[in-house]
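Below is one structure, written out as structure tokens; the observations come after it.
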Amino acid sequence: MNMFLRVFKYRTQNNTNKKKQESEKMTNQNVVVSDAKSTMKVAAVAMAAMSNTSIFSPAVPKPPSSSAGRFVRRKALKKLETQGGPPKISAWVDSMRASSPAKSPPSSPDHDSWMVTHPSALEMFEEIAKSSKGKKIVMFLDYDGTLSPIVQDPDRAFMSDEMRAAVKSVARYFPTAIVSGRGKDKVHDFVKLNELYYAGSHGMDIEGPSNGSDDKSIVCQPASEFLPIINEVYKKLVSKTQFIEGAYVESNKFCLSVHFRNVDEKKWPELAEQVKEVLSDYPKLKMTYGRKVLEIKPTIKWNKGKALEFLLEALGFSNSKDVLPIYIGDDRTDEDAFKVLRKKKQGFGILVSKFPKETSAAYTLQDPSEVMCFLQRMVEWKQASQRGYYRS
Ligand SMILES: O=P(O)(O)OC[C@H]1O[C@H](O[C@H]2O[C@H](CO)[C@@H](O)[C@H](O)[C@H]2O)[C@H](O)[C@@H](O)[C@@H]1O
């Protein structure tokens, strides 16, 4: 991508009434791209993406009936996150439990039937490779639980050197983006590769690869106006939770994570109470449940799916015939990206999970070590096909 940069800033306040209402949620969008024409284009896409209120319900294969309880629990959790009015603390705690439900072990009937509807991306590699014929593959990778294993201490979720080498090789052949709930700089510090795109804060902080100077090819920060209240809430949450052993509030710049992985379950109601109390003063913030974490985000219509769409457009791949996006992730927040791909009938979502889960992903990988194998296989396949050895 050409690196002559211009900065384009726009505000949505002066738009139509609908846009005015929307702008209460998000008023400032900063976009930097390589030339004025594409700047306008990318800005327009971002605007369109922000104002799109429709939520797609893809034709996800029906889960096996024996898993019904788990899927009903997920639905209840979603309802709790999205419905208006403050839920009771007991409901919060139920949701905290539901966000880490009991697992069906691999080889259980549940697991076996799930693998039929969501086969292994390694086993289906030939199919995936075949469907990329004539298309440019773009890789999207979540970080925690995908490139690094889930660990007790969020600050020590390091990725292995072998994984780093695999990601580096993939990025040599395919544009590659890291899409994470972490702050962009923090996830960059973990990954340590300058040649990638980074979408931190659940996609609310996007930056293109550095060209060696200080310039960046793409910058998109749709939640920049929320920075002051996020910082304010961060301080309040740190202060309110400081005496709850094991609680950890992590600042992810445009969003916050309140970790309860190391908090005794008996203390979860107390933690929930404190968080609820702080958030009651901030109606412009919303909360969702992640893996033993409460995620606090601005109430804007932006998520990892929007970040994926933004990046594809910014990379010049708005024509779905030319591109095969592959998105690999393990988290509920990755489902927004899987849904986008399913809706567009474009590319594949790959869920990283050993256990059956409700998902819009087409394929699965069991854990980060399988993710690494998949990335290595992509590179070997690309090298072989460049040498003309690969027949599909
Ligand atoms: O979008 P992601 O890259 O998957 O980030 C989601 C959250 O990941 C991190 O928390 C999770 O991983 C930690 C380290 O393994 C684990 O201790 C924690 O329980 C998990 O929830 C990160 O710390 C959060 O800020 C991210 O939002």
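Atoms within a ligand are numbered from 1 in the order they appear, just like the ligands themselves.
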Exercise. Using modelled atom types only, decide if a donor and an acceptor are shared between the side chain of D330 and the backbone of L351 within a distance under 3.5 Å.
Key: no
Quiz item: Can you tell me the protein heavy atom closest to atom 10 (O) of ligand 1 and the distance?
Solution: H259 CE1, 3.4 Å
Exercise. Consider every N or O of K304 and every N or O of ligand 1, then say whether any pair is closer than 3.5 Å.
Key: yes
Exercise. Please state which part of S180 comes within less than 4.0 Å of ligand 1, counting heavy atoms only: side chain, backbone, both or neither.
Key: both
Quiz item: Going by the order shown, which atoms of ligand 1 are within less than 4.0 Å of some heavy atom of Q152?
Solution: 17 (O)
Quiz item: Using heavy atoms and a threshold below 4.0 Å, how should the contact between P149 and ligand 1 be classified: side chain, backbone, both, or neither?
Solution: backbone
Practice problem: Do me a favour and list the nearest non-hydrogen protein atom to atom 8 (O) of ligand 1 with residue, atom name and distance? | Solution: D144 OD2, 3.1 Å
Quiz prompt | Residue and atom name of the nearest protein heavy atom (relative to atom 26 (C) of ligand 1), distance in Å to one decimal | solution = S257 OG, 4.0 Å
Practice problem: Give me the one residue out of R261, H259, M96 that meets side-chain contact (heavy atoms from CB on, under 4.5 Å) with V293. | Solution: H259
Quiz item: Parallel, tilted or perpendicular: which describes the rings of F338 and Y327, with under 30° parallel and over 60° perpendicular?
Solution: perpendicular
Quiz item: Relative to the ring of F125, is the ring of F374 parallel (under 30°), tilted (30 to 60°) or perpendicular (over 60°)?
Solution: perpendicular
Quiz item: What are the atoms of ligand 1, with element, lying closer than 4.0 Å to any heavy atom of E295?
Solution: 27 (O)
Quiz item: Can any side-chain N or O of R291 pair as donor or acceptor with the backbone N or O of I150 at less than 3.5 Å?
Solution: no
Practice problem: Would you kindly say whether Q386 and Y173 are connected by a side-chain donor-acceptor distance under 3.5 Å? | Solution: no
Quiz item: Which is closest to atom 4 (O) of ligand 1 by heavy-atom distance: D331, D142, T288?
Solution: D142
Exercise. Can you sort out which atoms of ligand 1 are near P154, meaning under 4.0 Å from one of its heavy atoms?
Key: 14 (C), 17 (O), 23 (O)
Quiz prompt | Y143: numbered ligand 1 atoms lying under 4.0 Å from its heavy atoms | solution = 3 (O)
Self-check item: Per-atom contacts of ligand 1 with R261, taking only distances under 4.0 Å to non-hydrogen atoms
Solution: 16 (C), 17 (O), 18 (C), 19 (O)
Quiz item: Considering only heavy atoms, does N252 approach ligand 1 within less than 4.0 Å through its side chain, its backbone, both, or neither?
Solution: side chain
Self-check item: Protein heavy-atom partner closest to atom 11 (C) of ligand 1 - residue, atom, separation in Å
Solution: I150 CD1, 4.1 Å
Quiz item: Once the angle between the rings of F190 and Y143 is folded into 0 to 90°, is it parallel (under 30°), tilted (30 to 60°) or perpendicular (over 60°)?
Solution: parallel
Quiz item: Sub-3.5 Å donor-acceptor pair from the side chain of K192 to the main-chain atoms of D189, do we have one?
Solution: yes
Quiz item: Just heavy atoms, cut-off under 4.0 Å: does V293 contact ligand 1 by side chain, backbone, both, or neither?
Solution: side chain
Quiz item: In terms of residue, atom name and distance, what is the protein heavy atom nearest to atom 16 (C) of ligand 1?
Solution: V151 O, 3.3 Å
Self-check item: Distance filter under 4.0 Å to A157 heavy atoms, resulting ligand 1 atoms
Solution: 14 (C)
Exercise. For E162, look at atom CD and say whether over 12 heavy atoms of other residues, nucleotides or ligands are found less than 6.0 Å away.
Key: no
Quiz item: Checking T299 side chain against K284 main chain: does a donor-acceptor pair fall under 3.5 Å?
Solution: yes
Quiz item: To which of E250, R182, R291 does the heavy atom nearest atom 24 (C) of ligand 1 belong?
Solution: E250
Practice problem: Applying salt bridge (charged side-chain N to carboxylate O under 4.0 Å, His left out), name anything that partners D155, two or more places apart in sequence or on another chain. | Solution: K186
Quiz item: Would you call R156 a ligand 1 contact, heavy-atom distance under 4.0 Å?
Solution: no
Quiz item: For E370, does its backbone N or O pair with a side-chain atom of D367 as donor and acceptor, under 3.5 Å?
Solution: yes
